[in-house]
Amino acid sequence: MLKGIAASSGVAIGKAYKLEQPQIVMKEEKGTVEDELAIFDKAIQKTIADIENVKKRAESNLSEDELAIFDAHLMMANDPELRSQIEGMIKEGNNADVSTKTVSDNMIAMFEGMGDAYFKERAADVKDVSYRLLCNILGLSIPDLTAIDEEVVIVAHDLTPSDTAQLNKNYTLGFTTEIGGRTSHSAIMARSLEIPAVVGVKDLMSEVKNGDMLILDALDGKVIVNPSEEEIKTYEVKRDEYLKEKEALKVLIDKPTVTLDGHRVDVAGNIGTPKDVEGVVNNGGEAVGLYRTEFLYMDSTEDFPSEDEQFEAYKAVLEGMKGKKVVVRTLDIGGDKRLNYFEFPQEMNPFLGYRAIRLCLDRKDIFRTQLRALLRASVYGKLAIMFPMIATINEFKEAKGVYEEEKAKLVSEGVKVSDDIEVGMMVEIPAAAVLAEQFAKYADFFSIGTNDLIQYSMAADRMSEKVSYLYQPLNPSVLRLIKSAIDGAHKYGRWCGMCGEMAGDTLAAPVLLGLGLDEFSMSASSILPARKMITSLSKKEMETLADEALQKETCEEVIELVKSKLAK
Ligand code: PEP
Ligand code: MG
């Protein structure tokens, strides 16, 4: 039995298909400059044709957005800069293979050195394209995943984005790789294709032979090689139960989230881009509870996105949700989120520094553009706006004041604006949670950002693995802050939601329900499991549970309490 990381849920049982990529061995003899230029040119043409073919074959399997990866690869293969650098090296007397490897390795190192997730992905793209190019230069054939015509479990050291895109869902029972983590590209693709996947399995390639029987337990992150009859039977049951459960959840798609004793809450989705709306709708989300607009700014490469660009994105989301509520968070940049075209000040603690609403109130030009785009889009659906990182009442009043000014300006210009926009705030700084009952006089609603609220309450950087043990959503101190936020909102008849990771945690849901949370906003794939959990509970009973939880000493005690309650 081998251990790994469950990256995309499910159980698969079948024969191993080992994907062994050809080893690159550089040519020893030297070619003439003309010959090497001709080899390189032929290889580039073949690489472009190969990518186009792979894209064509993957078209039936993938969405427009997923296919976009091939366009990125084609652009790279056609890139005149890359080409001229390689040709330059060949003209200096180097072989085509060495020149290609040197130039692409430099490019990969440069992208990887930028540290940011976006550039890491670009590095993966260059790796993918240059590997294909090198194989074509050396006349090595790359295994063709689209040629598989029986049900198999794919076993590989790693799957490149184009490998994953070639997987035929009808024959791929699942896949497992030696490297990768939950957020690696192949893992994300596996979730979107709904194929079970276990990644990061040490020694996988040496332990598994082609044709070995495999059990892929992508619920617990295990790979069993050549299992016994008995093990196969056990896992067939586990697989069928999982599929039954998944299917059963689908009946909840169009159902409201109502507890056993008739209390209704909303289960909503978090999105980063307009295309994420599809997942929220398909999983029956009752609203978008958090639209993180910073991605619009991070995807823009040269300058801040224009008012019109923003308007189009907001309009697309509002229309996509067909009248259901969309909570848009105004720009939350800074901390770990940077922009290419904007210089942030050097600070010792960027997470405690110039970010989110602090930056927007300092640079009102940026803030006003976003508010205008939002106000113009407001007629296309049910818009709510919230400000991130509010710490003081004056910050909220000032932000709301800018909003009112832009609204009045647009109205006087004759632009149509909805008269039903709620303006609220995130509660993610302990000061705001403690003083929530004062904030509730001014804000139409709250959304608790537990990712930050916990980091600031425990004084534990959310990016640091060393202190990750302090991320304790169910610590009674955090629960008391959440209670303060909810009670504060309710005192003035406001609603209180939550959009941090904790909202999608099914173990936290009973306590949050008991504390009176009105809206739970989470990633799309968590919506149905959360609805199932909430609809199986009684609000009254959870109130008692929450009261008990608030009196506990540690987060472990609260977890025990919830588990024993659920077991009953
Ligand atoms: C949060 O802090 O919980 C939150 C939802 O915002 P982000 O994760 O984008 O900081
Ligand atoms: Mg936050």
Side-chain angles (χ1 to χ4, degrees), residues 116-118 183 266-273 276 280 285 287-299 317 326-339 344 349-360 370 384-391 395-396 399 424-433 436 439 443 445-464 468 470-475 477-479 481-482 484-486 496-505 508-509 512 517-524 526-527 530:
D116 175 289
Y118 172 82
T183 55
D266 278 343
V267 178
N270 291 350
I271 65 168
T273 65
D276 298 340
V280 177
V288 164
L290 167 64
Y291 174 9
R292 290 183 162 100
T293 57
E294 60 268 19
F295 290 102
L296 201 62
Y297 292 74
M298 282 151 75
D299 285 347
V317 172
V326 174
V327 182
V328 181
R329 173 172 79 186
T330 59
L331 182 60
D332 182 358
I333 206 77
D336 60 326
K337 298 172 207 156
R338 306 264 140 180
L339 302 172
F344 286 86
N349 296 295
F351 267 109
L352 301 181
Y354 188 64
R355 59 172 292 205
I357 200 67
R358 302 165 180 189
L359 186 154
C360 284
Q370 180 170 37
I385 296 174
M386 65 179 173
F387 307 126
M389 296 287 291
I390 293 283
E395 278 174 341
F396 183 83
M425 58 181 264
M426 301 242 343
V427 174
E428 51 188 344
I429 295 181
F439 280 94
F445 67 93
F446 293 154
S447 184
I448 307 173
T450 47
N451 306 340
D452 278 317
L453 184 64
I454 297 169
Q455 117 162 312
Y456 296 130
S457 307
M458 308 298 267
D461 186 341
R462 65 195 250 192
M463 310 294 280
S464 164
S468 63
L470 287 167
Y471 175 78
Q472 298 183 356
L474 288 169
N475 188 298
S477 61
V478 175
L479 295 179
L481 288 172
I482 293 171
S484 168
I486 297 172
C496 183
M498 178 180 286
C499 59
E501 286 302 308
M502 183 181 183
D505 176 350
L512 296 173
L517 194 72
D518 302 295
E519 180 234 40
F520 299 65
S521 192
M522 58 197 69
S523 66
S526 302
I527 291 175

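As the structure lists them, so they are numbered: ligands from 1, and atoms in each ligand from 1. This is a predicted model, so every value here is computed, not measured.
Ring to ring, F396 and F387 are close: their centroids are under 6.0 angstrom apart.
When only interatomic distances are considered, the shortest N/O to N/O separation between R292 and ligand 1 falls below 3.5 Å. Between D452 and ligand 1, at least one N/O pair is under 3.5 Å apart.
Using a non-hydrogen distance threshold of 4.0 Å, K337 registers as a contact of ligand 1.
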* Asked: Is there a salt bridge (charged side-chain N to carboxylate O under 4.0 Å, His left out) between D276 and R292 once you walk through the steps?
  -> CA-CA 11 Å; D276 298 340; R292 290 183 162 100; over 6 Å; no

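Contact annotation for Q455 and ligand 1: no heavy atom of the residue comes within less than 4.0 Å of the ligand.
For F439, there are no ring pair (Phe, Tyr, Trp, His ring centres under 6.0 Å) partners two or more places apart in sequence or in a different chain.
Annotation for E395: atom CD counts as buried by contact number, over 12 foreign heavy atoms lying within 6.0 Å.
For the Mg ion (ligand 2), the nearby protein N/O/S atoms, meaning those under 2.8 Å, are E428 OE1, D452 OD2.
Taking only non-hydrogen atoms, the option from V427, I429, N451, I448 nearest to atom 1 (C) of ligand 1 is N451.
Per-residue contacts place C499 under 4.0 angstrom from the following atoms of ligand 1 (heavy atoms of the residue considered): 5 (C). Atoms of ligand 1 found under 4.0 Å from any heavy atom of G449 (numbered from 1 in listed order, with element): 1 (C), 2 (O), 3 (O). Those atoms of ligand 1 that come under 4.0 Å of a heavy atom in L290, given as number and element, are 5 (C).
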